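Worth knowing before you read on, the calculation uses all heavy atoms, side chains too, and leaves out hydrogens, waters and symmetry mates. Bear in mind that the values here come from a model prediction, so they are computed numbers and not experimental data. Chain letters run A, B, ... following the sequence lines, proteins first and then strands; every chain starts at 1.
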Amino acid sequence: MTLDCVNSLYSYPPENNIEVLLISNNSSKEELQKVVHGVDRYSNTKVLEYNNPFNFQKINNWGAEQATGRILLFLNNDTELVKQSRGLLDDMIKKAIEEEVGAVGCLLLYGDARHVQHAGVRLVSGGGAEHLYIHRTLDDVKEGVAYPLVKDRRVTAVTAAALMVEKSKFKKVGGFDEEFIVCGGDVDLCIRLNDKGYGAWYVSGGCKYILHKESTTRSGSKIPYIDYLKSYESYINAYDFKTGDKFLPFKHERGSINV
Amino acid sequence: MYKKLIVRAVRKSAHLSHKSSLKLSRYSKRVEHRATQIISGQKSLNVGAQRTTSIDELLLENLPQITPIKPMLPATGRKPTVTLLLPTVNKNLFFGGVATAIISASLLAKQKNFNLRVVATFKGGHADIKSFLAGNGIVFNGEIELLNISVVDNFNHRELDIHPEDIYMASAWPDAYVLELLPLKRKFVYLMQDYEPIFFSNSDERVLAEYTYANDNYVALCNTKLMYDHMLFMGHDNVKEGTWFEPAVSHQDKTSNKLNKNKKRMFVYARPRVKRNLYYNALMAIDDVFASGGLNPDEWEVFAAGQDDVPEIKLSSGITIKNLGKMSMGEYYDFTSTVDIALTPMMAPHPNYPTLELASVGAAVVTTKYNLKQDLSGYSKNIITTEPDYKSMSLGLIQASKMNEKTKLKNASTANINKNWIEALKGPIDKISKII
């Protein structure tokens, strides 16, 4: 899975030089060896070990400290760039370096390359944070819906499964809040970036996408209660009590359950 | 009767099916997790056939009442509410402490011009709260929402949407416990109606219940000054920021039904499932008072009420205690006005409702002392407090039998027991409203 991700990154790289840091968190020796061996051929790829108890925020903050580039791309190892990803990272970079832009995300499809996994995150009336059009087919929501995925869009947040941000902006807000453990930290990061004047953007690039094979990695995982508390405390500050999400307010759409 | 049996069977099977679906869901999650581990080449931490249980699953199974509540964003356009958490919502339980909690929350909501939410945290049910309030003289024009959050999600949490301006209220310790975990902007109102740690033997529950008093993110609203004083006596100085009220007792005007009976009526408040009710000491006391000749068995009939499944009990003197079970409020008030003497023991720091209700309709009531609760004649001279042992109660019954009807009716008319909830709670609710 990790090697598929790295190989795909080199198959569809951005125009700029990249440095790839693979952060191993308590991986098995065999798995780690396989990855080290597999990325041997990439001179600008390093495998680093962060063998502390799992904390998504700490791992990424630590990884960001080790990175030498100007722009960070946090990318889950269960993602894979494909033919339809070509040029997407360049589109994201162009957006990320704009002065008033913070986190930049993109369209992620599930492993079947049909169903939407992520196209921006919105705050939901009576709920929490939700991925826009999650589980809908791309054909359904590409166009002709309230928030067509074919267009770039200002959003409340983007997922850290594929999140790009300039390192200076990331550092300015202190990176991910390490009191979060598993989830919610990405939305919180975007909200804090926004508070500093750096808005989150969903970059479409004409519906280019990356695959996110999340269902094979998230099953059985437990979300600690602290994540819910921290999320609420963060989200409530970005929430509009009249309209809900400030950028993707609720609109009735036929056949839709998510918007 | 037959219908009730069927409904019970349906309820039981629903409960069992809910439990088994939870078990199945947990088992499926483990299988899914293990399959994922195999696919991704991870080693399982499970050794052989030994099952590993997460702490959350263990707590859910053994202390389900403290399952955390996941805070959700409020629905758009929702007005702030006073949100009352109750372990169980069921219209048949709208008396005593539950009724007091609903009334207090509604009056606080009225004061704040907020809507009211009543949330069942452990077991939901149907209820017409507006009508209930109207029956207690409270006109509530705001919206009332009844929620049931007893169902846990896949991650063993309950969910509740929280508006930053909401005011939360809990009366039972598990609800206070989960409120203390939530990121509330204001302190919550802890309606203290009993000293709940004493419900348990030395145990986890006892420690957890005690722990809820130790935090300072609540404002106490104690049901009776005695309860407030008891909290201070137990070292919980946090209650000082809060206040207390003296409860109101309804239907105090029915004081005329006693004189036309062939036999005098004794009533025992019988809730054997509630240990602090001292049910068996009470039975021994009644047995003793007739067997010893303290009262003449030929002149008395004895009734019990408070719990359905209490058998009729034959005493050594030949008298049978007839159980009236759980009565409707109307039946209960009609009955209380026919009672001559009552025995309402309760190993608790506050005067219980039956004691006040019966005293206010002209019955002589024997209840038990506990800690600071030594003398309740300040409420009504109809109330006699005794030590909680059966012999003392027996002597108390003799003393009660000696009060004549005229005196009891006079004591009822001069009782210092509130008749109206709005008046009873006005000052305390004003105070609480200003604090939070």
Part of Tyr239(A) lying under 4.5 Å from any heavy atom of chain B: side chain
Identify which of [options] forms the greatest number of heavy-atom pairs closer than 4.5 Å to chain A.
{"options": "Ser54(B), Pro74(B), Pro183(B)", "value": "Pro74(B)"}
{"options": "Leu73(B), Asp161(B), Thr76(B)", "value": "Leu73(B)"}
{"options": "Leu160(B), Leu182(B), Leu181(B)", "value": "Leu181(B)"}

Mind checking whether Phe241(A) and His163(B) have ring centres under 6.0 Å apart? yes
Tell me whether Glu241(B) is salt-bridged to Lys187(B), with the criterion being a basic N under 4.0 Å from an acidic carboxylate O. yes
Count the heavy atoms of every other residue, nucleotide or ligand shown that sit under 6.0 Å from CD of Glu143(B), and state whether that count exceeds 12. no
Using a 4.5 angstrom heavy-atom cutoff, name the option from Gly244(A), Gly127(A), Ser27(A), Gly128(A) with the most pairs to chain B. Gly127(A)
Can you tell me how far the CG atom of Asp78(A) sits from the CG atom of Asp4(A), to the nearest 0.5 Å? 11.0 Å
Using a 4.5 Å cut-off on heavy atoms from C-beta on, say whether the side chain of Phe56(A) contacts that of Val182(A). no
